[in-house]
Number of protein chains: 2
Amino acid sequence: MEAPPRPTELPGRIRRPEDRAPEIARAALDLFVTKGFAATKLEDVARAAGVSKGLPYLYFKSKEELFKAVIVEAIGEPLIRANELVDSFDGATEDLLRELVMKFREFAESPLGGVIKLILAEAGNFPDVARFYCSNFDRRGRDLFAKVLRRGIARGEFRPVADIEMSAILLAQPLAMHSVWLRSLAPYDESLPADSDRFYGAYLDFVLKGLRP
Amino acid sequence: MEAPPRPTELPGRIRRPEDRAPEIARAALDLFVTKGFAATKLEDVARAAGVSKGLPYLYFKSKEELFKAVIVEAIGEPLIRANELVDSFDGATEDLLRELVMKFREFAESPLGGVIKLILAEAGNFPDVARFYCSNFDRRGRDLFAKVLRRGIARGEFRPVADIEMSAILLAQPLAMHSVWLRSLAPYDESLPADSDRFYGAYLDFVLKGLRP
DNA sequence: ATATGGATACTGACCATTCAGTCATTATGG
DNA sequence: CCATAATGACTGAATGGTCAGTATCCATAT
């Protein structure tokens with residue numbers, strides 16, 4: 001009927017089929033994390049990715065498929081790298097732990113860090129994703145910390161702890177929580193500036209002192 | 001036209017205006033926690049509370065008002081009781097901490113414990129609720145732990161820690177995380193049975209050993 | 001006691017909106 | 001000029017919110 005009013009500064013339609021899927025996935029992750037899955041409209045995802053409403057459906061069958069793709073993609077690579085680190089490290093275990101925490105911090109502060117919040121919030125609505133996460137990310141993450149603990153204890157660098165498995169979880173929990181925190185309450189907490197340096201400093205201090213023989 | 005088919009075992013319409021609001025709020029909390037706010041239909045809340053679709057709107061102006069009411073109600077009382085405990089306690093600080101963790105456990109394992117997950121997930125969509133939570137629950141919760149730490153250090157029962165404020169947060173994080181955990185991933189984690197005794201045991205062991213002078 | 005009527009707790013059909021998903025059409029590159 | 005990347009108006013289903021009507025309670029009168 002009528003020529004659609006052309007927006008002045010939009011570069012117009014461009015064809016970049018290879019870049020589209022990751023672009024859309026990244027935009028989706030951000031919005032899912034900040035607003036939640038159900039509260040995020042695919043139209044907003046499309047706008048954030050700079051494409052039209054229909055395009056995401058050319059790359060992802062449905063909103064739910066997009067969700068799963070986003071999670072799986074965000075989880076996979078960082079986990080592999082962390083495993084490599086622990087297995088190939090050979091120095092003081094204290095330094096290994098520092099290094100591992102550093103790696104986690106990179107992950108947590110990248111956009112990918114949002115998956116933790118996302119998973120925790122949506123596990124109930126996506127049981128299969130939850131199970132995937134548990135066996136592939138969570139379990140292995142715990143095993144990573146447990147491995148570090150065992151290494152430290154075996155080398156006489158850490159005191160023996162009663163329950164290694166559970167202690168590994170206790171090590172991981174503040175890290176995970178901090179990542180969630182940054183993306184939920186931190187922006188609204190006036191009494192506590194989101195000072196990650198301070199957090200990781202206190203964390204390492206507390207944990208390493210607590211583990212000394 | 002036609003007499004509505006009377007369900008056999010429903011007690012029929014009953015009038016209990018005083019009980020309604022809490023009943024609806026409790027049902028809402030449960031569903032908000034398990035499914036998320038946006039994914040929960042008010043019709044389901046009504047059904048879970050055993051009332052008709054329209055009734056919640058007689059007690060709460062809108063879905064959003066219901067959300068806020070649920071949060072505020074769930075947060076208020078447990079916090080007051082915890083404060084009383086810390087202020088009135090006079091024994092070994094280690095025992096105070098054990099007691100405090102015990103109190104938290106009660107809260108975390110009651111239906112109210114779900115608010116933590118709920119807040120973390122929805123803070124971005126309800127900034128004013130997030131701010132309320134920060135100043136009234138979170139800040140005071142941190143202060144509670146900080147107070148305990150200072151007490152222990154002053155009495156020579158705990159070693160001095162570098163950053164008391166942040167250490168208080170580190171103490172609280174595993175507790176909060178465990179509460180979230182129970183309501184999100186725990187049901188899907190086959191490798192880790194949700195054994196709260198074990199968790200709290202390891203937590204107290206780890207923390208108290210780590211704090212010894 | 002029993003009847004009457006007015007107040008109000010409650011219901012569920014209905015309306016208006018929002019949004020996931022579709023598709024006819026248009027732009028682009030080779 | 002063909003193949004296909006991309007668009008955005010459209011649709012159908014779902015759901016937040018409304019409201020006219022119904023059931024129940026209770027105060028008062030008979």
Side-chain angles (χ1 to χ4, degrees), chain A residues 1-29 31-32 34-70 122 125-126, chain B residues 1-25 27-28 31-32 34-70 122 125-126:
Chain A
M1 304 293 152
E2 184 180 340
R6 171 157 288 277
T8 72
E9 24 82 44
L10 272 185
R13 214 187 279 187
I14 47 182
R15 294 159 65 95
R16 290 180 296 123
E18 315 79 26
D19 305 340
R20 289 309 192 196
E23 279 172 8
I24 293 167
R26 227 168 295 151
L29 175 59
L31 287 170
F32 289 163
T34 53
K35 309 181 59 156
F37 175 74
T40 299
K41 307 169 227 181
L42 262 209
E43 196 168 353
D44 293 343
V45 172
R47 190 175 8 255
V51 300
S52 70
K53 187 188 169 184
L55 195 65
Y57 288 96
L58 297 185
Y59 293 90
F60 304 93
K61 221 192 271 302
S62 68
K63 195 186 179 188
E64 194 165 322
E65 284 304 316
L66 174 58
F67 179 82
K68 295 179 187 175
V70 161
E122 303 292 343
N125 297 323
F126 298 90
Chain B
M1 307 301 143
E2 185 181 342
R6 171 156 288 275
T8 74
E9 26 81 45
L10 271 185
R13 212 189 279 188
I14 47 181
R15 295 159 62 94
R16 290 180 295 122
E18 312 79 25
D19 304 342
R20 290 308 192 197
E23 280 172 9
I24 293 167
L31 287 170
F32 289 163
T34 53
K35 310 181 57 155
F37 175 74
T40 299
K41 308 169 224 181
L42 263 209
E43 198 167 353
D44 292 343
V45 172
R47 193 178 2 259
V51 300
S52 69
K53 188 189 168 184
L55 194 64
Y57 288 96
L58 296 184
Y59 293 90
F60 305 94
K61 222 191 273 299
S62 66
K63 194 186 180 188
E64 193 165 324
E65 285 303 316
L66 173 58
F67 179 82
K68 295 180 188 175
V70 160
E122 303 292 345
N125 297 322
F126 299 90

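Lettering of chains follows the sequences in order, A, B, ..., and the numbering in each one begins at 1.
Across all strands shown, A:Tyr59 has heavy atoms under 4.0 Å from sugar-phosphate atoms exclusively, and none from any base.
One can place CG of B:Asn125 at 15 Å from P of D:dG16, the figure rounded to the nearest angstrom. Atom CZ in B:Arg47 sits about 14 Å away from atom C1' in C:dT11, given to the nearest Å. B:Glu65 places its CD atom 10 Å from the P atom of D:dG17, with the value rounded to the nearest Å. Rounding to whole angstrom units, CZ of residue A:Arg16 and C1' of D:dT4 are separated by 16 Å. Between the CD1 atom of B:Ile14 and the P atom of D:dC26 there is a distance of 14 Å, rounded to whole Å.
Within the structure, every pair that satisfies the salt bridge (charged side-chain N to carboxylate O under 4.0 Å, His left out) test and touches residues 49-65 of chain A, not counting sequence neighbours, is listed here: A:Glu64-A:Lys68.
Using a 30° and 60° split on the angle between ring planes, B:Phe32 and B:Phe67 fall in the tilted class, from 30° to 60°.
Between C:dC10 and B:Arg20, a contact under 4.0 Å exists linking OP1 or OP2 to a side-chain N or O.
Contacts of B:Asp44 classified as side chain to side chain contact (heavy atoms under 4.5 Å, CB included), with partners at least two apart in sequence or in another chain: B:Leu31, B:Lys35, B:Lys41, B:Arg47. Applying the side-chain hydrogen bond (donor to acceptor under 3.5 Å, both in side chains) test to A:Glu23 and every residue at least two apart in sequence or in another chain returns A:Arg16, A:Arg20. Taking B:Ala69 as the reference, B:Phe60 meet the side chain to side chain contact (heavy atoms under 4.5 Å, CB included) condition, with sequence neighbours excluded. Listed by chain and residue number, nothing satisfies the ring pair (Phe, Tyr, Trp, His ring centres under 6.0 Å) test with A:Tyr59 (two or more places apart in sequence, or in another chain).
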Counting primed atoms plus P, OP1 and OP2 as sugar-phosphate and everything else as base, spell out the protein contacts along nucleotides 17-24 of chain C at 4.0 Å heavy-atom distance: B, S or - for each nucleotide, 5' to 3'. --SBBB--
